[in-house]
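Reading through the structure tokens given below for one structure.
Because the structure is predicted, anything quoted here is derived from the model rather than measured. A note on names: the letters A, B, ... follow the listed sequences, proteins ahead of strands, and every chain is numbered from 1. These values consider heavy atoms only, across backbone and side chains, with no hydrogens, waters or symmetry-generated copies.
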Protein chains: 4
Amino acid sequence: MTASFGSRQPHHRRDRETTRAALLAAARVRFAREGYGGTNVRSIAQDVGVDASLVFRYFGSKRKLFDEASAEDAQAAGAVLAGPAEQLPTRLLEMILHEERPESAGEHPFIAMLRSADDETIRDRLHDQVCDTYIAGLRTLASGPDADLRAELFSAWLLGIGVARSVVRSDVLAEATLSQVAPYFERVADILLGGDGTETPNG
Amino acid sequence: MTASFGSRQPHHRRDRETTRAALLAAARVRFAREGYGGTNVRSIAQDVGVDASLVFRYFGSKRKLFDEASAEDAQAAGAVLAGPAEQLPTRLLEMILHEERPESAGEHPFIAMLRSADDETIRDRLHDQVCDTYIAGLRTLASGPDADLRAELFSAWLLGIGVARSVVRSDVLAEATLSQVAPYFERVADILLGGDGTETPNG
Amino acid sequence: MTASFGSRQPHHRRDRETTRAALLAAARVRFAREGYGGTNVRSIAQDVGVDASLVFRYFGSKRKLFDEASAEDAQAAGAVLAGPAEQLPTRLLEMILHEERPESAGEHPFIAMLRSADDETIRDRLHDQVCDTYIAGLRTLASGPDADLRAELFSAWLLGIGVARSVVRSDVLAEATLSQVAPYFERVADILLGGDGTETPNG
Amino acid sequence: MTASFGSRQPHHRRDRETTRAALLAAARVRFAREGYGGTNVRSIAQDVGVDASLVFRYFGSKRKLFDEASAEDAQAAGAVLAGPAEQLPTRLLEMILHEERPESAGEHPFIAMLRSADDETIRDRLHDQVCDTYIAGLRTLASGPDADLRAELFSAWLLGIGVARSVVRSDVLAEATLSQVAPYFERVADILLGGDGTETPNG
DNA sequence: CATGAATGAGGCTTCATTCAT
DNA sequence: AATGAATGAAGCCTCATTCAT
């Protein structure tokens, strides 16, 4: 697990902002793939081609580096809330399925954070971020009885799809595209979010 | 995370098999709650009231202990496949929601294993176990186009519910009972598993 | 400053209490000579012929080791209070001059602690210990105006003698014996402690 | 101990000598308060508002900076020798009690140096400086038997008063003024320095 | 075989110091 | 010559694991 991720440059441009940004980027990848506890700062530094002590000079501690890295992730995750509310589920799905996310190793920010959930305080932040973005956003779409529960069930599905793809590496789902998944996704969204929650699908 | 789980009593029986079983049980609880990396063998031994070196004497290494412990978990998870096939989804949901699981700290075996998924080989085993039990079982219920994908999407939902409850600690879902969730669960099961997958819900 | 103090055994008897006591003894010597900050736990362990991690197993941290070591010192220092009150000054002087103190490298406990006084909390403890033993003990002997000040001035002298001997290594004083110092000592004691503080020595 | 001492303002003058002097002044304060080992060159540089690398450019190493800073201290301490010999004890006491010494954080140079006495070579220099100034000066005042010893005992007292005030922070003595201490001081000076050392106080 | 003392590699972090610009 | 980015050695501490008894 000390393998090389990305482009371990042998040398570095002597530029504070560049190096800092490179460390942050490397940290996002490492934390996303190996979790907080599974990542050591030396490997982050090696990814950038720099001495490990620079991490402490620039970020103060491994934990502060993680905080800064995941704050960027959270911001990226929160951006999905902008836009027409009725298309939110689709945007969330797109985000979960999206592969082009080099800044966090192709993993959704929440899935990345999940890997670090053995730390209690990190788990608290994960809870807050999921509630504040996913669930709160989806909750505005649901009405009727059990609206909270249904919003959470739908969020759970999105979370589960992310886990299945990037952790479990479910055979078909891991390679599935948006157009393959969308039809089923919309029907489930109708059931869990649309309507008043009492109508039966075939009623 | 040096907190005491369970009894941690001085262990006075000199019965090798009894001690071995107790270590295995303690290991399942610890690994489930704290993940592989977050668990140290000394705390497992303390839970049983014996010295840590016995773990190595009986199991060879922390890793082999984990392997044996998670093999038991996988077996427990696989037991859900026994029984009428058409009630499998409900049994799976019951299992995800079930709290009474003292042998793995109340957590579903797969969710517990997720906590350890920063190790690549552990991730491989998680993949195999999820595919061989959940997905394979659900796959027999689905027919028509995209049956594989639909079975995986449904598995993903179960996984996601487990994650939402025990990791994210989703506000409502974490406390929800089977009777609250069942209605929505069945409708989604109909869509993802039932039919040929081409019919539209309101068609 | 990583030089060998004492008898760096190459091997050790496999006995917890013996090793623990040896570490504590080595720690007292190192802390006394090099101060808290100037001592590293590896050299303490090397003095005993043992791996440095044992220090943490037995004492928890470098700081707790220091606390335990200096608690023994404080106890030794406090023992001087037992006995006839009017002979206290002489006993204090004997203690300051005493060379036979292998358990703290021949240094008086307070002088040893002085070496560590760059740490604020250690300085607080030094203050308390000096006040509670030396000053409080001497204060009972002084009466009249400025009794507190005079007791502290006399304590300061004892402290200064210790510093002069073991830190500054004052040429003559460092080698002086009790019988050489005693005459002057008693006269100063008379002035600072005896009488009501107003009489003049030749009055 | 990263607290700010003094001004810590951005330093804009490009005058080499000015910066050098400012670093030296800041170093004296830091070394006096925190000792050699407890001071880091970065904080000295920050006090002046320049980069730490200037310290190495100007002084070569932390140790050479310390040497130069303490040479200034020694010179300041030696200045007390100038003046009427018979008033030397009083001048020494004034110096020990004097608070207005911004160039070394209000601490007497020797007391400051004591803080760094865990380094063997620094201890040697402390020995030389104390002997060459205090003891040599006081020695000229003492005559009769044990003159050397008595001069050293008196020096030890001065040292001890300094330690009691600034390290131990003795309750009353730490706040005492010259006029409070002077009466007792003179009587002790008479005994330790005056006379031939053989007369008894009440004789 | 059981026990627990001891080990050593590795992790985070600090700090004096060097080196490219 | 000045600047500040980068380095590397060393310190405290944890933990899986081995070894003497």
Item to check | CZ (R20(D)) with more than 12 external heavy atoms under 6.0 Å | outcome: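 Yes, CZ of R20(D) has more than 12 neighbouring heavy atoms, counting only those of other groups under 6.0 Å.
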
Item to check | Rounded distance [0.5 Å steps], CZ in R115(B) versus OG in S166(B) | outcome: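 The distance works out to 5.0 Å.
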
Checklist entry - Under the salt bridge (Lys or Arg N to Asp or Glu O under 4.0 Å) test, which residues partner D67(B), sequence neighbours left out? => result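 Partners of D67(B) by the salt bridge (Lys or Arg N to Asp or Glu O under 4.0 Å) criterion, ordered by chain and then number, come out as R63(B), R125(B).
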
Next on the checklist: I'd like to check the salt bridge (Lys or Arg N to Asp or Glu O under 4.0 Å) partners of R16(C); sequence neighbours left out, ordered by chain and number.
Outcome noted: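 Per chain and number, R16(C) pairs via salt bridge (Lys or Arg N to Asp or Glu O under 4.0 Å) with no residue.
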
Can you tell me how far [atom2] of [N] sits from [atom1] of [X], to the nearest Å?
X      : N       : atom1 : atom2 : value
R57(B) : dA20(F) : CZ    : C1'   : 13 Å
F59(C) : dT14(F) : CZ    : C1'   : 18 Å
L23(A) : dA6(F)  : CG    : C1'   : 11 Å
Q46(C) : dC12(F) : CD    : P     : 12 Å
L54(C) : dA5(E)  : CG    : P     : 9 Å
E17(A) : dA5(F)  : CD    : C1'   : 12 Å

Checklist entry - Taking the nucleotide of DNA chain E with the closest heavy atom to each, which residue, R16(C) or A52(A), is nearer the 5' end? => result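 Nearest-nucleotide comparison on DNA chain E picks R16(C).
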
With heavy-atom distances below 4.5 Å as the criterion, would you say the side chains of [X] and [Y] are in contact?
X       : Y       : result
L54(D)  : T19(D)  : yes
D47(A)  : V29(A)  : no
L114(D) : V167(D) : no

Next on the checklist: Checking Q129(A) now: which residues fulfil side-chain hydrogen bond (donor to acceptor under 3.5 Å, both in side chains) with it, not counting sequence neighbours?
Outcome noted: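 None.
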
Residue [X], side-chain atoms from C-beta onward, closest of [options]:
X      : options                  : result
N40(A) : dA16(F), dG11(E), dG4(F) : dG11(E)
S53(D) : dT13(E), dA5(E), dA5(F)  : dA5(F)
F56(A) : dC12(E), dT18(E), dT7(F) : dC12(E)
V41(A) : dT13(E), dG4(F), dC1(E)  : dT13(E)

Checklist entry - Using a cut-off of less than 4.0 Å, is there contact between a side-chain N or O of Y58(C) and OP1 or OP2 of dA6(E)? => result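 Yes, Y58(C) has a side-chain N/O under 4.0 Å of OP1/OP2 on dA6(E).
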
Checklist entry - Is the shortest side-chain N/O distance from R42(C) to OP1 or OP2 of dA10(F) below 4.0 Å? => result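 No.
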
Item to check | Set of residues satisfying side-chain contact (heavy atoms from CB on, under 4.5 Å) with respect to S116(C), sequence neighbours excluded | outcome: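 Y36(C), F66(C), I122(C).
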
Next on the checklist: Using a 3.5 Å limit on both distances, find every run of at least three consecutive Watson-Crick or G-U pairs that involves DNA chain F.
Outcome noted: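 Looking at DNA chain F, the stems formed by three or more consecutive pairs are E:2-21 with F:2-21.
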
Checklist entry - Which heavy-atom pair separates A45(D) from L23(D) by the least distance, and what is that distance? => result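 Of all heavy-atom pairs spanning A45(D) and L23(D), the closest is CA-CD2, 4.0 Å.
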
Item to check | Within residues 60-71 of chain D, residues whose heavy atoms come under 4.0 Å of DNA chain E | outcome: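 The stretch gives S61(D), K62(D) as the residues lying under 4.0 Å from the strand, ordered by number.
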
Checklist entry - Between D51(D) and Y36(B), who's closer to the 5' end of DNA chain F by nearest nucleotide? => result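 Counting from the 5' end, the first nearest nucleotide belongs to D51(D).
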
Item to check | 5' precedence on DNA chain F between T39(C) and R20(A) (nearest-nucleotide basis) | outcome: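 The residue whose closest nucleotide sits nearer the 5' end is R20(A).
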
Checklist entry - dC19(F) base to R14(C) side chain: any donor-acceptor pair below 3.5 Å? => result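 Indeed, a donor on one side and an acceptor on the other fall under 3.5 Å apart.
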
